[in-house]
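Written out below as structure tokens is the structure these notes cover.
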Amino acid sequence: MAYEFKLPDLGEGLTEAEIARWLVTEGQSVEEDEPLVEVQTDKTTVEIPSPRGGTVLKILVEEGQIAPVGAVLVVIGEEGEQLLRAVEQRDTRADAARAEPLVTVVPPEPVDAVRATPAVRQLARELGVDLVGVHGTGPGGRIQESDVRAATVSGDGRRVPIRGIRRAIVEQVSRAHREIPAVTFVEECDFTGVDVSLLVPLTVHASARSLVEHPDLNARLEGDDIVLYDRVDVGIAVQTDGGLVVPVVRACERLSVEEIAREATRLAEGARAGTLASEELRDSTFTVTSAGKLGGLLVTPLINFPEVAILGLHRIADRPVVRDGEIVARRMGNVSVTFDHRAVDGVGAAAFCLDVIARLQSGTADAA
């Protein structure tokens, strides 16, 4: 019997996904659990394995098309022309007019014409932009979202649909701003002895050690409960072409700075390529964010809902400070902690921030 494989529920409240790449072709034999198709969600690209072995009889959704959860993507069965003809005729039966369509799709664009990700191709279709005539500013001439949007500029302005990662960002930050009574504590830190190339890993390491001592900030607010965690899973905000995503470094309280650096690099590269699994982008217990040289003197980042706190790193620069009665130049920068005042008191947030700064200034995250 032929088996109709439907787009599964990928979690995170997602209702649709884009077919990024088929890993099989019609007529090909496939084993159970063999990679079948890559789909792109609002957050990442997910590889879906085949639920059973057999022959790929019919691919019903092409690359670049969007399918809702529950839509039939492919039919898998035994080899045989009779069964294949039955599959091909499924949309021509007498009651086809009364049957619901298998999937509502957007006509796909040839994938080899230009260098662009599926999300960028989808945006171009929505805006009516022909990618063949768009100059790509990304690596190797790859077309980015900003290139597509620039191509739609006119005297009457432009309209950009909110989709993909940007839509997820809109929903997340709107909820955080609407529901969280946020307060920000700020203190300056002397980064003169800090290896700036390892700034984020050092800060994550210092934060993890400090969170063990200040567990009220290593928590999530869920309904009427504050959930305190023994594990310290730190989300690190990463800017991508599609927007801001927050991959998660697990068990930071047990990792060295070097281990955190390696994992953070891997996650950042995967986030920018859109290849991270959904589990690598969720269930953090605390978040660290830094805009690097663009960090400004001070910003107040929104809390990554439903967490209760976020630590921000800001621009580091030479500033005149007083040391032992003398004015000297030091590498100074601000460190901020924005916290949910429903779950965290100001004294606790300030103590946590000062502990992180003390660890950074000491040159080792293990300092008291």
**Q.** Of all pairs that satisfy ring-ring contact (aromatic ring centres under 6.0 Å, His included), the ones with a partner from residues 262-294, not counting sequence neighbours
**A.** F286-F352
**Q.** Shortest non-hydrogen contact from I260 toward C252
**A.** CD1-O, 4.2 Å
Q: Check for a donor-acceptor pair, side chain of S362 on one end and backbone N or O of R359 on the other, with a separation under 3.5 Å.
A: yes
Q: Please confirm whether the backbone N or O of P215 pairs with a side-chain atom of N218, one donor and one acceptor, at under 3.5 Å?
A: no
(Q) Measuring only between side-chain heavy atoms, which start at C-beta, is P247 closer than 4.5 Å to E280? (A) no
(Q) side chain to side chain contact (heavy atoms under 4.5 Å, CB included), that's the test. Do V56 and F5 meet it? Break it down for me. (A) CA-CA 10 Å; V56 178; F5 176 64; over 6 Å; no
(Q) Checking R21 now: which residues fulfil side chain to side chain donor-acceptor pair (under 3.5 Å) with it, not counting sequence neighbours? (A) E38
**Q.** Residue pairs passing the salt bridge (Lys or Arg N to Asp or Glu O under 4.0 Å) test where at least one lies in residues 229-238, sequence neighbours excluded
**A.** R231-D233, D233-R250
**Q.** Pairwise distance CG(L221) to CG(D340) - rounded to 0.5 angstrom
**A.** 5.5 Å
**Q.** Over all atoms of both residues, closest heavy-atom pair of F339 and G346
**A.** CZ-CA, 3.7 Å
(Q) Main chain of E259, side chain of S256: is a donor-acceptor contact present, judged purely on distance under 3.5 Å? (A) yes
Q) What closest approach, in Å, do A67 and V61 show between heavy atoms, and which atom pair accounts for it? A) CB-CG1, 4.4 Å
Q: Answer whether the closest heavy-atom distance between the side chains of V39 and I19 falls below 4.5 Å.
A: yes
Q) Where do L217 and A349 come nearest, in terms of heavy atoms and distance? A) CD2-CA, 4.3 Å
Q. Just how far is it from atom CG of L7 to atom CD of E18, taken to the nearest 0.5 Å?
A. 12.0 Å
Q.
Looking at every heavy atom in both I76 and L57, which two are closest together, and how far apart are they?
A. C-CD1, 4.3 Å
Q. Is there a donor-acceptor pair closer than 3.5 Å between any side-chain N or O of E253 and the backbone N or O of V232?
A. yes
Q) What do you reckon, is CD of E31 surrounded by more than 12 foreign heavy atoms closer than 6.0 Å? A) no
Q.
Among residues at least two apart in sequence or on other chains, which ones pass side-chain contact (heavy atoms from CB on, under 4.5 Å) with T287?
A. V246, S284, N304, E307, I310
Q) Mind checking who shares a hydrophobic cluster with V322, ILVMFWY linked at side-chain heavy-atom distances under 4.5 Å? A) I327
**Q.** Under 3.5 Å donor-acceptor, D33 side chain and P49 backbone
**A.** no
(Q) Which heavy atom of L36 sits nearest to which heavy atom of P51, and what is that distance? (A) CD2-CD, 4.5 Å
(Q) For a side chain to side chain contact (heavy atoms under 4.5 Å, CB included) check, start with the C-alpha distance between L228 and D216, then their side-chain angles and the critical distance, and finish with the verdict. (A) CA-CA 7 Å; L228 304 174; D216 287 354; 4.3 Å; yes
Q. Going through the checks in order, is the side chain to side chain contact (heavy atoms under 4.5 Å, CB included) test met by L60 and V74?
A. CA-CA 5 Å; L60 297 170; V74 62; over 6 Å; no
(Q) For the CG atom of L360 and the OG atom of S210, what is their distance to the nearest 0.5 Å? (A) 8.5 Å
Kindly list each side-chain donor-acceptor pair under 3.5 angstrom involving residues 187-195, sequence neighbours excluded, with atom names and distances?
from, atom 1, to, atom 2, distance (Å)
D190, OD1, T192, N, 3.0
D190, OD1, T192, OG1, 2.5
D190, OD2, R323, NH2, 3.2
D190, OD2, R330, NE, 2.8
D190, OD2, R330, NH2, 3.2
T192, OG1, R330, NE, 3.3
T192, OG1, R331, N, 3.0
D195, OD1, S197, N, 3.1
D195, OD1, S197, OG, 2.5
D195, OD2, S197, OG, 3.3

Q: Under the side chain to side chain contact (heavy atoms under 4.5 Å, CB included) rule, what do L23 and E47 come out as? Steps first, then yes or no, please.
A: CA-CA 9 Å; L23 305 176; E47 186 177 273; 3.7 Å; yes
Q. Do side-chain atoms of H341 reach the backbone of V344 as a donor and acceptor pair under 3.5 angstrom?
A. yes
Q | Residues, nucleotides or ligands: over 12 heavy atoms within 6.0 Å of E326 CD | A | no
